Participant: 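Quick one: the structure is below, questions incoming.
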Amino acid sequence: MRLGLLSDLNAEQAARRAAILITDIISGEQRLVREKEVREDPLVQELQECLDQGKSRLVERDGRQFFLTVQVTPVRVVIIGAVHISQALAPMARRLDLDVTIIDPRTAFATPERFPDVLVLAEWPDTVLPDLKLDRYTAVVALTHDPKIDDAALSAALQSQCFYIGALGSRETHERRIQRLTAAGITEVDLARIHAPIGLDIGAVSPAEIAVSVLAEIVATLRKERRRSA
Amino acid sequence: MLSNDTDILRTAEAWRRAGKGVAIATVIETWKSAPRPVGSHLVIDEDTNFFGSVSGGCVEGVIITEALGVIEDGKPRLLEFGVADETAWQVGLSCGGRIRIYVERVD
């Protein structure tokens with residue numbers, strides 16, 4: 001592989017854009033197809049399938065074998081609340097190669113010192129979420145316990161295609177949340193998208209344990225398609 | 001979708017830019033139970049430093065040796081490992097699966 005090609009592939013990833021590297025496994029010939037170039041490529045159908053499934057694979061065309069290395073858009077976790085659980089969650093999520101953004105309008109909480117190596121926005125969720133463009137590769141996790149902050153974030157998340165929405169709080173807290181969001185005009189079908197109480201039930205107690213349960217639920221949601229097709 | 005092999009390709013780029021001879025091994029096909037999915041990478045440099053994996057550690061040793069040859073002559077190689085393979089008795093996959101690996105040099 002030419003270094004330039006490898007470098008282009010890595011640059012697409014860094015810019016949160018999908019790309020596919022096509023390799024003729026006999027001749028070694030290679031080309032990079034960016035997401036927006038897929039439609040003009042002779043292998044358009046195969047490329048589209050690979051992108052949809054997020055899986056690399058070998059394809060045959062005219063007696064030649066091509067390997068398609070698929071790089072999908074990186075998965076991102078938007079965490080509402082620069083709280084203790086978030087301090088455990090952020091580095092664990094980074095370890096899973098997830099992009100992390102932390103949002104909390106309370107400037108005492110949302111400091112870079114408390115969250116090294118991740119993007120921290122000391123803003124209200126409804127101010128910054130539109131700019132973040134929540135897509136189907138994004139998970140939104142509401143952890144503040146404060147309806148003033150969490151509710152706005154959940155409303156925005158429910159209007160997007162994000163693949164996971166979770167909210168911290170007991171069953172009773174969630175019941176009251178449902179009432180507030182229903183009063184705000186959100187439908188029952190949409191409200192059912194919220195994972196609450198958040199996380200897989202592993203009996204988590206400490207902030208780090210809760211972070212594990214939240215991340216496990218995010219991974220399970222992300223991989224569900226694959227588990228079904230396996 | 002968790003794109004955990006991207007840091008491996010970033011490492012490959014960084015090692016090459018640092019002036020090292022570098023090869024990338026990629027799982028291109030699997031049959032039955034294979035330890036790592038298609039698309040998994042292992043990056044190797046000329047001093048046999050490596051990062052990533054293409055199996056559960058069962059065949060990496062052989063691939064590193066092959067990679068040194070690829071770094072030397074620049075010719076990509078296709079390798080296959082499985083219980084039916086002759087080399088399997090020395091380095092095969094205990095899980096009973098079969099994998100095909102493509103090894104290429106970063107130029």
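As the structure is a prediction and not an experimental result, all values here were calculated from the model. Here is the naming used below: chain letters follow the sequence lines, and residue numbers restart at 1 for every chain.
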Participant: Extract all donor-acceptor atom pairs below 3.5 Å that involve side chains of residues 88-95 of chain A and protein atoms in other chains or at least two apart in sequence.
Facilitator:
| unit_1 | atom_1 | unit_2 | atom_2 | d |
| --- | --- | --- | --- | --- |
| A:Arg94 | NH1 | A:Leu98 | O | 3.0 |

Participant: Are the side chains of B:Val43 and B:Trp15 in touch, meaning some heavy atoms are under 4.5 Å apart?
Facilitator: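 Answer yes - side chains close enough.
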Participant: Side chain, backbone, both or neither: which part of B:Arg105 has a non-hydrogen atom closer than 4.5 Å to chain A?
Facilitator: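 It is the backbone, since no side chain atom gets that close.
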Participant: Please classify the contact between B:Val27 and chain A as side chain, backbone, both or neither, with a heavy-atom cut-off of under 4.5 Å.
Facilitator: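 The answer is the backbone of B:Val27.
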Participant: Looking only at side chains, do A:Ser7 and A:Asn10 share a donor and an acceptor under 3.5 Å apart?
Facilitator: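 Their side chains do not contain a donor-acceptor pair, so the 3.5 Å distance test is not met.
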Participant: Partners of B:Thr26 by side-chain hydrogen bond (donor to acceptor under 3.5 Å, both in side chains), sequence neighbours excluded?
Facilitator: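 In terms of side-chain hydrogen bond (donor to acceptor under 3.5 Å, both in side chains), with neighbours along the sequence ignored, B:Thr26 is linked to B:His41.
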Participant: Under a 4.5 Å heavy-atom cut-off, does chain B meet the side chain of A:Glu12, its backbone, both or neither?
Facilitator: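 A:Glu12 has no heavy atom closer than 4.5 Å to chain B.
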Participant: Taking only residues two or more places apart in sequence, or in another chain, which ones meet A:Phe66 in a ring-ring contact (aromatic ring centres under 6.0 Å, His included)?
Facilitator: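 Per chain and number, A:Phe66 pairs via ring-ring contact (aromatic ring centres under 6.0 Å, His included) with no residue.
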Participant: Looking only at the side chains, is there a donor atom on one of A:Arg76 and A:Thr138 sitting less than 3.5 Å from an acceptor on the other?
Facilitator: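 Their side chains do contain a donor-acceptor pair, which is all the 3.5 Å distance test asks for.
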Participant: Could you tell me which portion of A:Ser27 (side chain, backbone, both or neither) has an atom closer than 4.5 angstrom to a non-hydrogen atom of chain B?
Facilitator: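 For A:Ser27, no heavy atom lies under 4.5 Å from chain B.
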Participant: With a 4.5 Å cut-off on side-chain heavy atoms, are B:Asp107 and A:Leu3 touching?
Facilitator: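 No, every pair of side-chain atoms sits at 4.5 Å or beyond.
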Participant: Does any backbone or side-chain atom of A:Ile26 lie under 4.5 Å from a heavy atom of chain B? Answer side chain, backbone, both or neither.
Facilitator: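 The side chain, not the backbone.
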Participant: For B:Glu13, is it the side chain, the backbone, both or neither that has a heavy atom under 4.5 Å from a heavy atom of chain A?
Facilitator: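 Contact with chain A involves both backbone and side-chain atoms of B:Glu13.
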Participant: How close do B:Gly52 and B:Ile8 get, counting heavy atoms only, and between which atoms?
Facilitator: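 What the structure gives for the nearest pair is CA-CD1, 3.6 Å.
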Participant: Side-chain contact, heavy-atom cut-off 4.5 Å: A:Arg2 with B:Val106?
Facilitator: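 Answer no - side chains too far apart.
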Participant: If you measure only the distance, is there a donor-acceptor pair under 3.5 Å linking the side chains of B:Ser53 and B:Glu60?
Facilitator: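 No pair is found: no donor N or O on one side chain lies under 3.5 Å from an acceptor on the other.
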Participant: Tabulate, in ascending numerical order, the residues of residues 66-78 of chain B having at least one heavy atom closer than 4.5 Å to a heavy atom of chain A, or enter 'none'.
Facilitator: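 So the qualifying residues are B:Pro76, B:Leu78.
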Participant: Is A:Leu9 in contact with chain B via its backbone, its side chain, both, or neither, using a 4.5 Å heavy-atom distance?
Facilitator: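 Only the side chain of A:Leu9 comes within 4.5 Å of chain B.
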Participant: Heavy-atom distance under 4.5 Å to chain A: side chain of B:Ala12, backbone, both or neither?
Facilitator: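 When you check distances to chain A, atoms from both the backbone and side chain of B:Ala12 fall under 4.5 Å.
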